[in-house]
Amino acid sequence: MWLKSLTVANTLTGAALASPAFLQRRQSDLGAFIEKESILAQQGILNNIGAEGALVQGASAGIVVASPSKTNPDYFYTWTRDAGLTMLAEIEQLAAGTANASLESLIQEYVDSQVKQQVVANPSGTLSNGSGLGEPKFQVNITAFTGSWGRPQRDGPALRASALIAYGNYLIAHGKTSLAKTNLWPLIQNDLSYVGQYWNQSTYDLWEEVNGSSFFTTAMQHKSLVEGAAFAAAVGETCPGCSVAPQILCHLQEYWNGSAIISNSPTNDRSGIDANSVIASIHIFDPAATCDDVTFQPCSARALSNHKVYVDSFRSIYTVNQGRSNGQAVAVGRYPEDVYQGGNPWYLATLAAAEQLYDALHQWDKQGSINITQLSIPFFSDLVSNATIGTHAKSSATYTAITQAVKTYADGFVSVVQEYTPSDGGLAEQFGRSTGDPVSAIDLTWSYAAFLTAVARRNGTVPASWGSPTVTSVPGQCSAATVAGSYATPTIGAW
Ligand SMILES: *[C@@H]1O[C@H](CO)[C@@H](O)[C@H](O)[C@H]1NC(C)=O
Ligand SMILES: *[C@@H]1O[C@H](CO)[C@@H](O)[C@H](O)[C@H]1NC(C)=O
Ligand SMILES: *[C@@H]1O[C@H](CO)[C@@H](O)[C@H](O)[C@H]1NC(C)=O
Ligand SMILES: *[C@@H]1O[C@H](CO)[C@@H](O)[C@H](O)[C@H]1NC(C)=O
Ligand SMILES: *[C@@H]1O[C@H](CO)[C@@H](O)[C@H](O)[C@H]1NC(C)=O
Ligand SMILES: *[C@@H]1O[C@H](CO)[C@@H](O)[C@H](O)[C@H]1NC(C)=O
Ligand SMILES: *[C@@H]1O[C@H](CO)[C@@H](O)[C@H](O)[C@H]1NC(C)=O
Ligand SMILES: *[C@@H]1O[C@H](CO)[C@@H](O)[C@H](O)[C@H]1NC(C)=O
Ligand SMILES: *[C@@H]1O[C@H](CO)[C@@H](O)[C@H](O)[C@H]1NC(C)=O
């Protein structure tokens, strides 16, 4: 995130080089780490949500604060994106039956907080024509942040819609369709209206740095409209804006360059290789989908080719990656050209690299085979040197060898996180590219959420389908069609 708030410091300068022995620290049993860190990560999230969160005094009920850090950097705000992603992770736990019983009331407080947040006039605009929904961040007491910032950020409404739809589908599955309609649909309708109306306008990306088009934003927008159309029907409503989903999918194809996803347009003189793409892939993961290139499913040849290009771009630039060769997991960051806070590996990026592979393992298992193509063979060859192009059935020795190697590779990324997690289990935003020590905001809510979703996939817990299998084709010609939205003031409903 958040170049705006920072002083750029280069931690490379004067940093001690890590010795190989130092690099091997804290490599104890991964399973034990996961067990312990799962509890700490969940508590880490709860600590950052108002009004009871231990580290965020002053935050309103249900407000997800990005980090308790108030200086260098000051992240003591609520971002619509971070909150949506975090609450989606929590709602998935509720739906999977792995949650603490008290979690549902917190989710309801989040819903109520968004009723208040949607109507706050802010520098991006107001609710009356939807423009205010694109505001990236608010004060923790749900008032506007009026300083200069990279705005608007058009992924926020889509991510909030996805979180609310996940909770709505949970309610429907538990016979509470009318509650989903009265308490959630008005909020969801505003957010889906926003996506349908504004998807084709420039946005700041998820790192708040590039104004243009962002793969992550486009992917989240597409997903929200596909699941939004189904949700509208389930509560007896309609979503006119959802009709532009095929146009957004068409735009999504424009980021593909033949071997990698170029995450930003314009690239602002960067390669365009960016965690943006891998984080998108894990959030458009659909356990009911095949290895579909068009939606960049985690097991698709495109997403695997992109994973290799992305991961390899960090192998030689971080000292902490010394001694780890191709096919071995490494620490990864936002993008190789990053300089923010020294330009370091990020916990949430390294966890996303693992999560994409756990997702792919789930998809191969479900479809009963792995299809290696010209495009994906460089990814597989790093892991299994004699891998061959073709379809390898689940019953084959090759399938077993490949899936074992991918699992080991995925676990390797979690082991890297283990290695650079301090003994108290706290997950900051970054860890030093030379020292491996925590850098930037402490207790980053998104870092904890990233840990929980990666480990949930490793544990075999997957989200509900968002309807990706219903997406069967891309329009032959892309269009910039949009639908004017309708926006109405939501009200807090009784639970
Ligand atoms: C994953 O499974 C381990 C072992 O059962 C468990 O301790 C941990 O809480 C689980 N974590 C998540 C996030 O599901
Ligand atoms: C459930 O959540 C509540 C509130 O966050 C907490 O006090 C309690 O310890 C949790 N219980 C378990 C078993 O995790
Ligand atoms: C939305 O309303 C704001 C005033 O709140 C105005 O500045 C802006 O131009 C309007 N945008 C559109 C797309 O109508
Ligand atoms: C909300 O928080 C901001 C930032 O801390 C503060 O300036 C403002 O006075 C608060 N507003 C209310 C209504 O509490
Ligand atoms: C608008 O849509 C067209 C057609 O897909 C695309 O080429 C263009 O990049 C889009 N612009 C933005 C800002 O989304
Ligand atoms: C972002 O780019 C668009 C298209 O070039 C431009 O209209 C808009 O003013 C830019 N926004 C900012 C904040 O610079
Ligand atoms: C796509 O981008 C990658 C990474 O920058 C680059 O290595 C590759 O040459 C590009 N491919 C094409 C066809 O431009
Ligand atoms: C495997 O992928 C290739 C290339 O996309 C395709 O032509 C072939 O039909 C696929 N095979 C199976 C069994 O899916
Ligand atoms: C690849 O090599 C392994 C031994 O390293 C062997 O077990 C496996 O059968 C080989 N697979 C193929 C497709 O040749």
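Note that the structure is predicted; figures quoted are calculated from it, not measured. Both counts, for ligands and for their atoms, begin at 1 and track the order of listing. Nothing fancy with the numbering, it's 1 onward along the sequence.
The protein reaches atom 5 (O) of ligand 3 closely, with a heavy atom under 4.0 angstrom from it. Atom 14 (O) of ligand 3 lies below 4.0 Å from at least one non-hydrogen atom of the protein. Distance check on atom 9 (O) of ligand 6: every protein heavy atom falls at or beyond the 4.0 Å cut-off.
With ligand atoms numbered from 1 in the order given, ligand 3 contributes 1 (C) to contacts under 4.0 Å with heavy atoms of Ser131. Close approach of ligand 7 to Ser259 (heavy-atom distance below 4.0 Å) involves ligand atoms 1 (C), 8 (C), 10 (C), 11 (N). Every atom of ligand 7 with a heavy atom of Ile262 under 4.0 Å away is listed here by number and element: 2 (O). Near Thr126, with a cut-off below 4.0 Å to any heavy atom, the atoms of ligand 3 are 5 (O).
Counting only N and O atoms by type, the side chains of Tyr340 and Gln430 include no donor and acceptor under 3.5 Å apart.
Aromatic ring centroids of Phe296 and Phe215 lie under 6.0 Å apart.
Residue contacts with ligand 6, taken as heavy atom pairs separated by less than 4.0 Å, involve Tyr204 solely via side-chain atoms from C-beta onward.
Side-chain contact between Phe138 and Ser60 is absent, with no heavy atoms from C-beta onward closer than 4.5 Å. Proximity of Tyr204 to Pro136: side-chain heavy atoms (C-beta onward) are nowhere separated by under 4.5 Å. In this structure, the side chains of Val471 and Val226 come closer than 4.5 Å at one or more pairs of heavy atoms.
At the shortest separation from atom 3 (C) of ligand 3 among protein heavy atoms lies Asn129 ND2, 3.6 Å. Among protein heavy atoms, the minimum distance from atom 2 (O) of ligand 7 is reached at Asn257 ND2, 2.4 Å.
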List the steps and the verdict of side chain to side chain contact (heavy atoms under 4.5 Å, CB included) for Asp338 and Trp207.
CA-CA 11 Å; Asp338 197 3; Trp207 311 133; over 6 Å; no

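Checking only distances, Asn211 does come within under 3.5 Å of ligand 6, N or O to N or O. Ligand 3 has no N or O atom lying under 3.5 Å from any N or O atom of Gln197, backbone or side chain. Taking distance alone, with nitrogen or oxygen atoms compared against 3.5 Å, Ser271 stays at or beyond that limit from ligand 7.
Comment: Asp286 does not engage Lys223 in a salt bridge, judged by the lack of any side-chain N to carboxylate O separation of less than 4.0 angstrom.
Put simply, CG on Asp205 and CZ on Arg154 are 13.5 Å apart, with the number rounded to the nearest 0.5 Å.
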